[in-house]
There are 2 protein chains.
Amino acid sequence: MTRGQPHEGLRERKRVATRSAIERAALALILEHGFDHVTVDMICEAAMVSQRTFFNYFGSKEGVILDAMPPFPGEEAVATFVHATGTDVLEDFLELVFGSMASAGPDPELTRVRRLVFQRNPVLAAGLLDRMREREDRAVAILLDRFAAEGRTSTRAGELEDEAHMIVGLTMAVFHYLMRKQLEGRVDADRRRTIIHEAVMLMRRAVGTV
Amino acid sequence: MTRGQPHEGLRERKRVATRSAIERAALALILEHGFDHVTVDMICEAAMVSQRTFFNYFGSKEGVILDAMPPFPGEEAVATFVHATGTDVLEDFLELVFGSMASAGPDPELTRVRRLVFQRNPVLAAGLLDRMREREDRAVAILLDRFAAEGRTSTRAGELEDEAHMIVGLTMAVFHYLMRKQLEGRVDADRRRTIIHEAVMLMRRAVGTV
DNA sequence: TATATCATTGCAGTATCTGCACCGACTGCT
DNA sequence: AGCAGTCGGTGCAGATACTGCAATGATATA
């Protein structure tokens with residue numbers, strides 16, 4: 001527990017502790033019984049917290065799993081993506097999205113358990129796609145920034161927007177594909193790059209651009 | 001489709017009448033107030049039916065809209081797809097899926113209203129994607145049949161399965177893209193073909209840029 | 001007509017989620 | 001230390017989606 005700030009307030013520390021307690025209790029119960037055989041009340045009892053508190057932290061039951069998996073990372077990673085040149089936009093974008101999910105949350109152990117839960121509950125993986133869809137505008141904006149940084153200009157109105165939307169859809173397709181292929185253990189950056197590249201190659205073949 | 005038989009039983013006729021009443025009431029209310037501002041009780045009152053009856057016909061609130069939109073059509077259309085040759089597999093598959101949705105249900109007016117509802121409620125369009133995901137195994141089986149009919153053999157174990165899964169994912173991507181582009185009025189087969197082709201072209205560009 | 005089937009219903013109950021008001025612990029300032 | 005304001009946690013009432021069960025009455029069938 002190397003606390004960067006020596007004091008960040010007792011109130012804030014308690015907050016973090018409460019959230020963490022709920023998350024740990026939820027993940028343990030879900031791992032044991034499966035998502036739909038666990039009720040919010042069960043989680044609250046295990047976490048020694050009222051149901052109302054649970055919903056104060058997580059807007060929904062799914063939120064316990066999904067909230068810690070943001071589809072987009074911080075400003076610096078986005079900036080790196082936007083100003084990268086000479087590499088494939090689609091692959092870079094996939095790397096950006098999957099990289100953010102791989103490093104979700106401060107506790108790597110929780111992230112590992114979460115991935116286990118996703119493997120056993122496909123319905124939750126679908127929830128991740130929903131989150132991504134909800135943030136599509138943000139994704140499109142990022143992609144348009146990249147296009148601009150590359151000096152691309154549209155010959156037709158909305159042309160670049162269309163391409164950005166399509167890339168978002170393709171990202172969801174790859175995500176869906178990799179989820180199906182289980183994508184277990186390893187998450188180091190090199191292997192992730194390889195997996196993404198293979199998926200893109202398969203996509204090219206399926207699309208007929210070989 | 002039941003106009004041919006003069007008698008198919010009073011019980012059956014009442015059944016379809018009840019289902020139709022619920023569907024019409026639901027669509028009208030949802031068009032007016034939006035999906036999440038309509039409760040099941042409201043629909044039941046308008047359809048003069050108990051809530052229990054509603055859930056006897058439709059497993060869920062979303063089912064009122066989604067049940068009539070099967071992601072795959074009947075045997076004959078599937079057979080046509082499987083044995084088609086010389087055309088692009090992806091485009092044919094897209095045509096198969098979208099064609100089935102365009103001709104959903106016996107009442108074309110209801111189908112038209114349903115499409116309106118989908119445009120105004122993106123969350124319901126996401127529901128369609130979920131249905132498609134639930135039937136992914138069926139979709140993959142169809143695609144493998146097509147591959148077999150084309151005489152394709154896999155050099156590596158699971159190669160064709162991977163490609164089939166990827167095509168399903170790409171289909172979802174195109175569906176997602178077209179939903180975003182609104183895809184209003186026209187549904188005649190020719191225009192649908194054109195729209196699909198354009199989407200695939202855009203996809204090729206997004207996937208092939210270096 | 002007698003019997004079986006089945007659509008429909010009411011009812012009780014469970015589960016997710018929300019708005020509201022209260023309490024009490026923390027926090028910042030004096 | 002004391003005081004006032006903030007805010008996390010809680011209980012409660014209620015809305016809403018959905019399920020199992022048993023009863024009832026209309027329809028089908030023998």
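Every chain is numbered from 1, with letters handed out A, B, ... down the list of sequences. Given the structure is predicted, the values throughout are model-derived calculations rather than measurements.
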TODO: Determine: side-chain N/O of B/Tyr57 to OP1/OP2 of C/dT8, distance under 4.0 Å, yes or no.
DONE: yes
TODO: Report the residues that fulfil salt bridge (Lys or Arg N to Asp or Glu O under 4.0 Å) with A/Asp36, sequence neighbours left out, ordered by chain and then residue number.
DONE: none
All N/O donor-acceptor pairs, side-chain side in residues 68-75 of chain B, below 3.5 Å, sequence neighbours left out:
none

- [ ] Decide, yes or no, whether a salt bridge links B/Asp137 with A/Arg180 under the criterion of side-chain N to carboxylate O below 4.0 Å.
- [x] yes
TODO: Sugar-phosphate means primed atoms, P, OP1 and OP2; the rest is base. With that split, encode nucleotides 16-23 of chain C 5' to 3' as B, S or - using protein heavy atoms under 4.0 Å.
DONE: BBBBB---
- [ ] Under 4.0 Å from any heavy atom of chain A: name the first and the last nucleotide of DNA chain D that qualifies, 5' to 3'.
- [x] D/dT6 to D/dC12
- [ ] Show your working on side chain to side chain donor-acceptor pair (under 3.5 Å) between A/Glu32 and A/His37 and close with a plain yes or no.
- [x] CA-CA 9 Å; A/Glu32 185 181 354; A/His37 291 90; over 6 Å; no
Open item on the list: Under the side-chain hydrogen bond (donor to acceptor under 3.5 Å, both in side chains) definition, can you give me all pairs with a residue in residues 41-51 of chain B, not counting sequence neighbours?
Closed with: B/Asp41-B/Gln51, B/Ser50-B/Thr53
Task: Pair listing, salt bridge (Lys or Arg N to Asp or Glu O under 4.0 Å) test, anchored in residues 47-73 of chain B, at least two apart - done: B/Asp67-B/Arg131
- [ ] Apply salt bridge (Lys or Arg N to Asp or Glu O under 4.0 Å) to B/Asp130 and list each qualifying residue two or more places apart in sequence or on a separate chain.
- [x] B/Arg133
Task: Exercise: identify the closest heavy-atom pair between A/Ala206 and B/Met166 - done: CB-CG, 4.3 Å
Open item on the list: Restricting to salt bridge (Lys or Arg N to Asp or Glu O under 4.0 Å), what partner residues turn up for A/Glu76, sequence neighbours left out?
Closed with: none
- [ ] Report yes if the side chains of B/Leu143 and B/Glu163 come closer than 4.5 Å at any heavy-atom pair, otherwise no.
- [x] no
- [ ] Just do the side chain to side chain donor-acceptor pair (under 3.5 Å) check on B/Ser20 and B/Arg24 with the steps written out, would you?
- [x] CA-CA 6 Å; B/Ser20 175; B/Arg24 289 170 193 279; 2.9 Å; yes
- [ ] Scan residues 124-134 of chain B against DNA chain C and write down, sorted by residue number, each residue with any heavy atom closer than 4.0 Å; if none is found, say none.
- [x] none
Task: Reported OG1-to-CZ distance for the pair A/Thr171 and A/Phe98, which is rounded to 0.5 angstrom - done: 7.0 Å
- [ ] Could you list by number each residue of residues 27-36 of chain A showing a heavy-atom separation from DNA chain D of less than 4.0 Å, or answer none if no residue does?
- [x] none
TODO: Could you tell me which residues satisfy side-chain contact (heavy atoms from CB on, under 4.5 Å) with B/Arg146, sequence neighbours excluded, listed by chain and number?
DONE: B/Phe81, B/Ala84, B/Thr87, B/Val89, B/Asp92, B/Glu150
TODO: Measure the spacing between CD1 of A/Ile22 and CZ of A/Phe55 and express it to the nearest 0.5 Å.
DONE: 10.5 Å
Task: Length of the CD-P vector between B/Glu45 and C/dT9, whole Å - done: 14 Å
- [ ] Give a yes/no answer on whether the side chain of B/Ser50 brings an N or O atom under 4.0 Å of OP1 or OP2 in C/dT9.
- [x] yes
TODO: Let me have a per-nucleotide readout for nucleotides 25-30 of chain C, 5' to 3', with B, S or -, counting only protein heavy atoms under 4.0 Å.
DONE: BBS---
Open item on the list: Strictly below 4.0 Å, N to O, side chains only: are B/Glu8 and B/Arg13 in salt-bridge contact?
Closed with: no
